[in-house]
Amino acid sequence: MDIFINKIITLLREKIPLPAETIERLLEAPPDIKMGDYAFPCFSIAKQLGKDPKKIATELSQKLIPDDTVIYINALGPYLNFHISKPLLFRTVLEEITDKGAFYGNSDVGKGKTILIDYSSPNIAKHLAVHHLRSAVIGNAIYNLHKALGYTCIGINHLGDWGTQFGQLIVALKKWGSDYVTASPENSHKQDSTKKEKLTVSKLNELYVRFHKEAKVNNALEDQAREWFKKLEGGDKEAKDTWQSFKEISLIEFERVYKRLGIRFDSYAGESFYNEMLDDTLRRIKDSGLTEISDEALIVNLDKYNMPPCLLRKKDEASLYATRDICAAEYRKREYNFDKMIYVVGSEQRLHFRQFFKVLEEMGYEWVHDCTHVDFGLVKFKQGKMSTREGKVILLEDLLEESCRIAGEIIAEKHPDLENKQEVAESVGIGAIIFSELCTKRVKDVLFDWDVILNFDGETGPYVQYTHARLCSVLRKYGDQVPTDANYDLLKEDDELVIIKQLECFPHTLLRAAYNYEPSILSNHLLDLCSTFNRYYQHHRILTDKKELRKARILLVHSIKQVIRNGLGILGLKSPEKM
RNA sequence: GCGCCCGUAGCUCAACUGGAUAGAGUAGUGGACUUCGAAUCCAAUGGUUGCAGGUUCAAGUCCUGCCGGGCGUACCA
């Protein structure tokens, strides 16, 4: 808390020649709460003065005079430890949480700033599978984090709705899909459509798999696909209508899953959205004198940055991923004038981002330095990497369904008379999945394992939700209005102090999590808080007979509940009151 | 080959800008529900932080070199 830190800085500045910011930077928390609340390591000042750090600590501990805020100062080796008034600490933190409620932890550091977050961005005409989960869930958490910090957030789902694969699908549909009726408006009113099967994402998947299987033995197929994609780019009506139906079918499925996950977007402007603008972008790149022709393809040579070239146009004149990303970046800057733009995309695309960021830089766009690739590790399977082309995937909807089913089973066993079982099972089942994606650092590759992801014990989403439900239960039993004031002298258990410190640093945790684009910092903080509370709960009675103590503890319980709820909300989990 | 990333307990992971004794979960073992929710808690067990150097008062954290793994490396995204 600022009042304590400022007090310590004021005290120290009277005796040592360091600016306030330096002192603040050096201040840290001792490893054990018994050692003190804040520690000032004397190494750097010792070096400056050419003296022994231990001696300095001792001398300072004698010279500094404690008061009502900082009540005791002692030296421990080369560290100067400050002990603050505990009742004042409890009062400050608990009153702030009570005061701010659902907004505790929020700040205005992002006020007036706009951040664009590009996340999820699946390819259409394919099912959402478990490996699509990471980007969506991480991106959503980062969105919520920044929103809490006052940023204006724009969530963009940069749909993969353009590219040669749609040429492939059109060929496949024409060749083997005559039994299907597509969903586009032109076809839906046709009388004979009832006889035909409705095209679905599953059917498209089958066609996609079949195409790649047959293309191995029939070279002509790839050529036809390229031709159809060129027609699509050229605005051919048949190609366009067919593609449009692919997109509509896909979005129905996507939105169903996003809704279940509690994820939303401000824009669905995908790759196709930029078609009309591509030529202008290409012209600007050319005008910057960056391009050259190599093997009939248009490229930007990046040799001097020790990178392979960035391909902008294939020899068949079709555009490429990088072209569309550069174009999209230009458009987004024009349209939103963002202060930051982040791409939540797997780390296998690192080179791609380095390349196209470099092209933007070479084009003279200073704002490229506000763009960040927030990467994350691969989802791996026991059988190896997942491949849509071979049709081997675990569908996201199947995973969600299974998780909710298990949550339902556990509820049926433990609390058969819980009123809204279905709804709670959904919250817990989905929560387990989301949390498991957010509790380790992004860079780590993750091995998909049904047993691990569907385990609800230990460091999991359900554990945090359970703790929340338990806190709610205590508050229900208490019955009365939660007190707004209490005798803070009575809170003197070690765990109460640990808890209050964890509650205290929640706002700082949000800042760190946002700054590092790392939701796991928040999820780990919540796990720590829950763990401390559950231990405390086991050993101390909240609803004790002693009235004043009970009041103080209830206030503490209420604050823990509030912080867990706020934190889970940011991560994208619901906080059921009973489960 | 080259580039980027990662190596911490059997397994999965923590450790804020380098700081005091490297912490959890999980599996296995033993224990705690007539008291506020046992999806919980407690105990014991589990480590030369891949290896070798270097920088520093201080290295899991920074630098160099090895070893091991992942990803990428021109017309997929």
Side-chain angles (χ1 to χ4, degrees), chain A residues 25-26 28-32 35 39 41-44 46-47 52-53 76-79 81 121-123 160 162-165 168 271 294-299 306-316 318 320-322 324-325 345-352 354 375 377-378 380 385 389 407 410-411 413-415 428 432 439-441 443-447 449 452 455-460 462-467 469-478 505 508-509 511-512 515-516 520-521 524 527-528 530-531 534-544 550 553 557 578-579:
Chain A
R25 208 185 61 240
L26 288 171
E28 56 190 61
D32 189 322
M35 297 162 104
C42 297
F43 303 108
S44 60
K47 198 163 195 178
D52 177 17
L76 198 61
Y79 290 90
N81 291 340
S121 308
N123 290 333
W162 208 248
T164 348
Q165 75 268 32
Q168 295 169 349
E271 295 191 273
S294 170
D295 291 342
E296 295 176 70
L298 185 72
I299 67 159
N306 198 21
M307 281 191 269
C310 181
L311 268 80
L312 298 175
R313 208 175 55 202
K314 305 197 279 185
K315 62 182 166 197
D316 64 4
L320 278 149
Y321 187 35
R324 298 193 281 268
D325 266 340
V345 178
S347 55
E348 69 273 16
Q349 290 188 34
R350 269 183 107 111
L351 178 60
H352 163 73
R354 282 179 55 217
D375 64 337
L378 220 64
K380 290 194 286 193
K385 196 181 170 181
R389 292 191 180 186
I410 296 173
I411 291 167
E413 184 195 320
K414 296 185 192 258
H415 303 281
V428 175
C439 68
T440 67
K441 283 197 296 196
V443 289
K444 300 270 179 186
D445 284 351
V446 290
L447 184 74
D449 187 332
V452 172
N455 173 29
F456 297 170
D457 299 330
E459 297 176 327
T460 64
Y463 174 75
V464 181
Q465 290 172 318
Y466 171 79
T467 308
R470 189 182 230 186
L471 288 156
C472 290
S473 175
V474 175
L475 290 167
R476 273 196 304 273
K477 287 256 157 57
Y478 176 71
C505 69
H508 183 241
T509 299
L511 286 170
R512 267 178 58 214
Y515 179 77
N516 294 295
S520 70
I521 292 174
N524 282 310
L527 285 172
D528 287 344
C530 290
S531 166
N534 282 320
R535 183 176 63 215
Y536 169 68
Y537 179 86
Q538 205 78 24
H539 298 292
H540 303 281
R541 206 169 159 77
I542 314 284
L543 301 175
T544 135
R550 187 171 66 208
R553 288 185 172 171
V557 161
K578 295 180 185 174
M579 62 185 269

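The sequence lines fix the lettering, A, B, ..., with proteins before strands; numbering per chain opens at 1.
Nucleic acid contact for A:Pro53: none, since no nucleic acid atom lies under 4.0 Å from a heavy atom of the residue. If you check every strand for non-hydrogen atoms under 4.0 Å, A:Ala407 touches nothing. Heavy atoms of A:Thr544 sit nowhere under 4.0 angstrom from any nucleic acid atom. Across all strands shown, A:Lys315 has heavy atoms under 4.0 Å from base atoms, whether or not it also approaches the sugar-phosphate. Looking at heavy-atom distances under 4.0 Å, A:Ser473 makes contact with a base. Base contact: A:Leu311 has a heavy atom under 4.0 Å from a base atom. Residue-level contact check: A:Ala46 touches neither bases nor backbone, having no heavy atom under 4.0 Å from any strand. A:Asp295 comes within 4.0 angstrom of a nucleotide base, judged by non-hydrogen atoms across all strands. At the heavy-atom level, A:Asp325 lies nowhere under 4.0 Å from the strands shown. Residue-level contact check: A:Tyr478 touches neither bases nor backbone, having no heavy atom under 4.0 Å from any strand. Among the atoms of the strands shown, only primed sugar atoms or phosphate atoms (P, OP1, OP2) are found under 4.0 Å from some heavy atom of A:His539. No engagement by A:Leu475 is indicated, since no non-hydrogen atom pair under 4.0 Å with the nucleic acid exists. Using a 4.0 Å heavy-atom cutoff across all strands shown, A:Gly77 reaches no nucleic acid atom at all. Here A:Ile299 lies in heavy-atom contact (under 4.0 Å) with a base.
Closest contact between the side chain of A:Arg470 and the listed nucleotides B:A38, B:A20, B:A39 involves B:A38. For A:Phe456, the side-chain atoms get nearest to B:A39 when compared with the rest of B:A39, B:G70, B:G37. Which of B:U73, B:A38, B:A39 sits closest to the side chain of A:Pro308 comes down to B:U73. Distance from the side chain of A:Tyr466 is smallest to B:U40 among B:U40, B:C76, B:C36. Of the candidates B:G37, B:C76, B:A39, the closest approach to any side-chain atom of A:Gln165 belongs to B:C76. Of the candidates B:A77, B:C4, B:A39, the closest approach to any side-chain atom of A:Asn123 belongs to B:A77. When each of B:G37, B:C5, B:G70 is scored by its nearest atom to the side-chain atoms of A:Lys380, the top-ranked nucleotide is B:G70. Side-chain atoms of A:Glu271 lie closest to B:A77 of the nucleotides B:A77, B:A74, B:C41. The A:Val428 side chain lies nearest to B:A39 when the options are B:C42, B:A39, B:A20. Of the listed nucleotides (B:U56, B:G70, B:G3), B:U56 has the atom at the smallest distance from the side chain of A:Lys47.
In this entry the distance linking CG of A:Leu378 with C1' of B:G70 reads 8 Å, nearest Å. Nucleotide B:U40 holds its C1' atom 9 Å from the NZ atom of A:Lys414, rounded to whole Å. Between the CD atom of A:Glu459 and the P atom of B:A14 there is a distance of 10 Å, given to the nearest Å. Computed from coordinates, the A:Asp528 CG to B:C16 C1' distance equals 12 Å when rounded to whole Å. Atoms CG (A:Leu351) and C1' (B:C71) sit 11 Å apart, rounded to a whole Å. Rounding to whole angstrom units, NE2 of residue A:His415 and P of B:U40 are separated by 12 Å. Distance, A:Tyr536 OH to B:C42 C1': 18 Å, rounded to whole Å. Going from atom CG of A:Leu527 over to atom C1' of B:U26 covers 13 Å, rounded to whole Å.
The same atom, C1', is picked in B:G18 and in B:G54; the two are 15 Å apart, to the nearest Å. Spacing of C1' atoms, B:G3 relative to B:A22, comes out at 33 Å, to the nearest Å. For the P atoms, the distance from B:C6 to B:A15 is 13 Å, rounded to whole Å. Comparing the P positions of B:A74 and B:C63 gives a spacing of 29 Å, expressed to the nearest Å.
The OH atom of A:Tyr515 sits 11.0 Å away from atom NE2 of A:His508, with the distance rounded to the nearest 0.5 Å. Residue A:Ile521 holds its CD1 atom at 4.5 Å from CZ of A:Arg512, rounded to the nearest 0.5 Å.
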Show each protein N/O and nucleotides 58-60 of chain B N/O combination with a separation under 3.5 Å, one pair to a line.
none

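The main-chain N or O of A:Gly377 is never found under 3.5 Å from a side-chain atom of A:Asp445 such that the two would form a donor-acceptor pair.
For B:C16, the OP1/OP2 oxygens have no side-chain nitrogen or oxygen of A:Arg25 closer than 4.0 Å. The phosphate of B:A77 has OP1 or OP2 within less than 4.0 Å of a side-chain N or O from A:Arg324. Residue A:Tyr463 has a polar side-chain atom (N or O) positioned under 4.0 Å from OP1 or OP2 of B:C41. Applying the 4.0 Å criterion to OP1 and OP2 of B:C6, one finds that A:Lys444 has every side-chain N and O outside that range. For B:C76, one of the phosphate oxygens OP1 or OP2 lies less than 4.0 angstrom from a side-chain nitrogen or oxygen of A:Thr164.
Remark: ring of A:Phe43 stacked against base of B:C57; centroid gap under 5.5 Å, plane tilt under 30°.
With the 3.5 Å cutoff on both pairing distances, Watson-Crick and G-U pairs in RNA chain B assemble into runs of at least 3 at B:1-7 with B:67-73, B:10-13 with B:23-26, B:29-32 with B:40-43, B:50-54 with B:62-66.
Residues A:His352 and A:Ala322 share a closest heavy-atom pair of CE1-CA, 3.7 Å. Minimum interatomic distance between A:Val428 and A:Gln465 (heavy atoms only, all atoms of both residues): CA-OE1, 3.5 Å. Considering every non-hydrogen atom in both A:Met579 and A:His415, the closest pair reads O-CD2, 3.0 Å. Looking at every heavy atom in both residues, A:Gly346 comes nearest to A:Asp375 through C-CB, 4.3 Å. Listed here is the closest heavy atom pair of A:Phe456 and A:Ala432: CE2-CB, 3.4 Å. Considering every non-hydrogen atom in both A:Ala46 and A:Asp52, the closest pair reads CB-C, 4.3 Å.
In this structure the side chain of A:Arg550 never reaches within 4.5 angstrom of the side chain of A:Arg541, judged on heavy atoms.
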Apply side-chain hydrogen bond (donor to acceptor under 3.5 Å, both in side chains) to the pair A:Thr467 and A:Asn534, showing each step before the final yes or no. CA-CA 7 Å; A:Thr467 308; A:Asn534 282 320; 3.2 Å; yes
Between A:Glu271 and A:Tyr321, is a side-chain hydrogen bond (donor to acceptor under 3.5 Å, both in side chains) present by the stated rule, with each step listed? CA-CA 8 Å; A:Glu271 295 191 273; A:Tyr321 187 35; over 6 Å; no
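Residue order along RNA chain B, read from the 5' end via each residue's closest nucleotide, puts A:Cys439 first among A:Cys439 and A:Ser531. Two residues, A:Val443 and A:Arg535, neighbour RNA chain B, and the one matched to the more 5' nucleotide by heavy-atom proximity is A:Val443.
Not a single donor-acceptor contact under 3.5 angstrom links the side-chain atoms of A:Ser520 to the base of B:A14.
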